[in-house]
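Just so we're clear, the structure is a prediction, and the values are computed from it rather than from any experiment. Within every chain, numbering begins at 1; the chains are lettered A, B, ... in the order of the sequence lines, protein sequences first and strands thereafter.
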Amino acid sequence: ETGVTQTPRHLVMGMTNKKSLKCEQHLGHNAMYWYKQSAKKPLELMFVYNFKEQTENNSVPSRFSPECPNSSHLFLHLHTLQPEDSALYLCASSRTENEKLFFGSGTQLSVL
Amino acid sequence: GQQLNQSPQSMFIQEGEDVSMNCTSSSIFNTWLWYKQEPGEGPVLLIALYKAGELTSNGRLTAQFGITRKDSFLNISASIPSDVGIYFCAGGIQGAQKLVFGQGTRLTINP
């Protein structure tokens, strides 16, 4: 238990579906992150939020839409995804942007 | 962009053996982190290094921040079955926001 909880753990969706991934951290951290982990590729940073403000969008396609309503919660809204978007999506948090990351268990996403 | 070369990509060892893996880069980093990921879970931080030359231990794990700031290694002594997993290095510039991850070393242990 790292203090970062992600739901759902597994998700299967069609290319026309809309779904959302949820992340909640119980560590009192101020920065939250979305990473994508594909097979045989390094972890890819997608988005960074610091004190609810987005500070990094790593050229992510608009079919991925993040939302950070407060410092403890982070969402990733998914719409019209492609099969190549299938991956493990990891949420992480840190006390500030300059500190080590704590990861959630991830959501394993399959797009059919 | 910055890249990390992590090696080896995979290791198959006998229980009780020592393990060594490393990460190298052409870029300088201010922070080196080592994570372990088990199947179905997210990466868990093992060791964080913040100064060139720093040598830090966590139980049977030892990691060093290279003097040139372009490399780091992780050693595991007397491996046990629960050491199985994928080990990632990560280099940081200006803090966690700029972490660059290696491709991982998959460790398999034969009992």
Q: Tell me whether B:F73 shares a hydrophobic cluster with B:L49, the cluster being built from Ile, Leu, Val, Met, Phe, Trp, Tyr side chains joined at under 4.5 Å.
A: no
Q: For A:R9, is the CZ atom crowded, meaning more than 12 foreign heavy atoms sit under 6.0 Å from it?
A: yes
Q: Are A:L101 and A:V48 co-members of a hydrophobic cluster defined by side-chain heavy atoms under 4.5 Å apart?
A: yes
Q: Tell me the closest heavy-atom pair linking B:P43 and A:L43, and the distance in Å.
A: CG-CD1, 4.3 Å
Q: Contact part of A:Q37 toward chain B, heavy-atom cut-off under 4.5 Å: side chain, backbone, both or neither?
A: side chain
Q: Could you state whether B:I86 and B:V44 fall into the same hydrophobic cluster, counting links through intermediate Ile, Leu, Val, Met, Phe, Trp or Tyr residues with side-chain heavy atoms under 4.5 angstrom apart?
A: no
Q: With a 4.5 Å heavy-atom cut-off (strictly below), which parts of residues 104-112 of chain A touch chain B? List them by number.
A: A:G104, A:S105
Q: Heavy-atom pairs under 4.5 Å with chain A: which of B:E41, B:Q103, B:R106 has the most?
A: B:E41
Q: Counting only heavy atoms not in B:Q9 (residues, nucleotides, ligands), do more than 12 fall under 6.0 Å from its CD?
A: no
Q: Would a single hydrophobic cluster contain both A:F47 and A:L45, if residues Ile, Leu, Val, Met, Phe, Trp and Tyr are joined by side-chain heavy-atom contacts under 4.5 Å?
A: no
Q: Ignoring hydrogens, what is the shortest heavy-atom contact between B:F101 and A:P42? Give both atom names and the distance.
A: O-CB, 3.6 Å
Q: Grouping I, L, V, M, F, W and Y whenever their side-chain heavy atoms are under 4.5 Å apart, do A:L11 and A:F75 come out in a common cluster?
A: no
Q: By a 4.5 Å heavy-atom criterion (distance strictly below it), what part of B:Q6 contacts chain A: side chain, backbone, both, or neither?
A: neither
Q: Which atom names give the shortest non-hydrogen contact between B:L99 and A:Y35, and what distance separates them?
A: CB-OH, 4.0 Å
Q: Between A:K100 and B:Y35, which heavy-atom pair has the shortest distance, and what is it?
A: C-OH, 4.4 Å
